[in-house]
Amino acid sequence: MSDAIIGMHEWFETPPGRYLLAWERAEFDRAVADIFGYHALQLGLPELDTLAANRMPHRWLGLREPHAPADIRRPALWTEYAALPFEAHSLDLVVLPHSLELNPDPHATLREVERVLVPEGKVVISCLNPHSLWGVRQRRAQLYRRFGLGELFLPEAGEFIGYRRLRDWLRLLNFEVETGNFGCWRPAFATDKWLGRFDWMDRAGERWWPILGAVYFIVATKRVRGVKLMARRWKPAKSIATAPVPLANRSRPAGSPQPELTGETV
């Protein structure tokens with residue numbers, strides 16, 4: 001298994017990693033609960049069941065590395081994220097929890113997700129925010145490491161992707177971003193004690209500096225031009241009645257007896 005995967009798995013067992021997972025668990029549950037369909041796929045992050053609140057009958061976990069720690073959830077399939085074993089337009093939902101950061105070619109992964117999603121299908125993405133207090137500490141630690149000093153705060157797992165940059169990638173692939181929000185505004189502390197002392201920053205950050213959250217979350221819909229979804233016609237149209245209707249013959253002289261009704265059709 002690659003060093004990046006190992007580092008990510010170990011980091012999620014630290015206090016800041018558990019803090020991040022708790023926020024993401026609530027966010028994923030809220031996002032996928034009302035997404036309907038038949039087939040849903042999660043790629044990466046077996047430590048978190050992102051589809052737990054979803055009600056689709058077929059839900060799978062896919063991992064890229066064939067060797068994983070024994071204490072994590074077992075996947076349904078091993079696959080390269082850029083070559084998924086699904087037909088085009090066959091999945092209703094794909095979830096990417098930090099999968100783009102751990103992938104050497106995030107562009108190819110997004111293109112493959114666009115291929116397998118049905119029109120109006122959903123993709124849900126979470127990524128670490130490089131423009132946050134955590135991102136600043138990570139870049140400072142990377143600079144110190146060049147001189148043999150300090151340790152990284154976040155796992156060294158590929159290249160972190162900025163929020164606006166990812167939105168541009170999605171737009172180029174004909175995805176429409178429905179929601180985008182940030183979370184986890186506490187400073188980059190490594191202990192539960194200090195993270196707990198700054199829990200007030202989550203409330204303040206959401207109101208005053210939302211784009212500085214340590215993680216961001218995107219829900220996007222695949223749009224296909226020229227495709228219009230139409231509801232099924234359950235009841236046939238009613239036919240026009242053609243039964244004969246009796247009409248009174250009005251061509252009679254005054255004072256004549258009442259005429260008989262004819263069988264003329266309207």
Side-chain angles (χ1 to χ4, degrees), residues 2 4-5 7-12 14 16-32 41-51 61-65 81-82 93-114 117 122-139 141-142 152-173 175-186 188 202 205-206 209-222:
S2 66
I5 302 295
M8 202 74 172
H9 173 70
E10 294 176 348
W11 184 81
F12 278 122
T14 66
R18 292 193 297 268
Y19 160 59
L20 182 70
L21 280 182
W23 182 87
E24 289 190 327
R25 181 175 291 107
E27 199 67 18
F28 277 113
D29 287 348
R30 180 194 63 80
V32 305
L41 174 66
Q42 172 185 338
L43 293 177
L45 194 61
E47 294 86 355
L48 182 61
D49 186 0
T50 64
L51 299 173
L61 168 65
L63 297 182
R64 186 166 56 90
E65 298 291 338
Y81 297 168
L93 169 64
V94 177
V95 184
L96 302 174
H98 301 284
S99 307
L100 298 179
E101 300 158 326
L102 302 177
N103 198 300
D105 193 349
H107 297 273
T109 298
L110 284 178
R111 285 194 298 268
E112 185 68 357
V113 169
E114 191 275 337
L117 277 176
K122 308 282 186 180
V123 59
V124 182
I125 305 171
S126 68
C127 289
L128 291 170
N129 181 16
H131 308 297
S132 64
L133 294 178
W134 292 21
V136 171
R137 176 168 175 176
Q138 180 78 351
R139 290 194 296 273
Q142 289 173 342
L152 296 178
F153 177 73
L154 298 172
E156 190 174 11
E159 180 185 0
F160 296 152
I161 305 168
Y163 174 73
R164 294 186 181 277
R165 184 181 179 190
L166 182 54
R167 286 181 65 109
D168 290 340
W169 290 358
L170 291 169
R171 190 178 298 111
L172 289 174
L173 291 173
F175 282 98
E176 179 181 341
V177 176
E178 292 188 355
T179 61
N181 58 298
F182 295 78
C184 300
W185 290 272
R186 303 181 197 184
D202 283 335
E206 185 175 8
W209 52 86
I211 63 173
L212 298 182
V215 60
Y216 63 87
F217 197 88
I218 288 179
V219 178
T221 302
K222 174 183 174 179

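Among all heavy-atom pairs drawn from Leu63 and Pro46, the shortest one is CD2-CD, 3.8 Å. For the residue pair Trp23 and Cys184, the shortest heavy atom distance occurs at CB-SG, 3.6 Å. Summarising the geometry of Gln138 relative to Leu154, their closest heavy-atom pair is OE1-N, 2.7 Å, with the distance given to 0.1 Å. A pairwise comparison of heavy atoms in Glu24 and Ser126 identifies OE2-OG, 3.3 Å as the closest pair. Closest approach of Leu133 to Trp185, counting heavy atoms only: CD1-O, 4.4 Å. Across all non-hydrogen atoms, the minimal contact from Phe160 to Pro130 is CB-CB, 4.2 Å.
A 4.5 Å side-chain heavy-atom check between Asp29 and Arg25 finds at least one atom pair inside the cut-off. Between Val136 and Phe153, every side-chain heavy-atom pair lies at or beyond the 4.5 Å cut-off. Counting heavy atoms from C-beta on, the side chains of Lys222 and Val123 never come closer than 4.5 Å. Contact of the Leu48 side chain with the His98 side chain is not registered, since no non-hydrogen atoms from C-beta on lie closer than 4.5 Å. Between Thr50 and Val124 the shortest side-chain heavy-atom distance does not fall below 4.5 Å. Side-chain contact between Ile161 and Trp169 is present, with heavy atoms from C-beta onward closer than 4.5 Å. With contacts defined as side-chain heavy-atom distances shorter than 4.5 Å, the pair Tyr81/Glu112 does not qualify. Looking only at side-chain heavy atoms (C-beta outward), Leu100 and Thr109 come within less than 4.5 Å of each other.
From Leu51, atom CG reaches atom CG of Leu41 across 8.0 Å, with rounding to the nearest 0.5 Å. Taken to the nearest 0.5 Å, the CD atom of Glu101 stands 10.0 Å off from the CG atom of Leu45. Leu166 contributes atom CG, which lies 6.5 Å from atom CG of Leu110 (distance to the nearest 0.5 angstrom). Note: Leu170 CG to Ile218 CD1 = 6.0 Å, rounded to the nearest 0.5 Å.
Ion pairing of Asp168 with Arg165 is absent here, as no side-chain N (NZ or NE/NH1/NH2) approaches a carboxylate O to less than 4.0 Å.
With sequence neighbours left out, Ser132 forms a side chain to side chain contact (heavy atoms under 4.5 Å, CB included) with Asn129, Trp134, Ala214. In this structure, the side chain to side chain contact (heavy atoms under 4.5 Å, CB included) partners of Arg30, at least two apart in sequence or on a different chain, are Glu27, Asn181. A search for ring pair (Phe, Tyr, Trp, His ring centres under 6.0 Å) contacts involving Phe175 returns nothing, not counting sequence neighbours.
More than 12 heavy atoms of other residues, nucleotides or ligands lie within 6.0 Å of CZ in Arg18, so this atom counts as buried by the packing criterion. Within 6.0 Å of CD1 in Ile211 there are 12 or fewer heavy atoms belonging to other residues, nucleotides or ligands. In this structure, Glu178 places its CD atom where more than 12 heavy-atom neighbours from other residues, nucleotides or ligands lie under 6.0 Å away.
Using a distance-only test at 3.5 Å, with no hydrogens or angles considered, a donor-acceptor pair links the side chain of Gln42 to the main chain of Gly44.
Between Phe217 and Phe28, the ring planes are perpendicular. Angles over 60° get that label, and only those under 30° would be called parallel.
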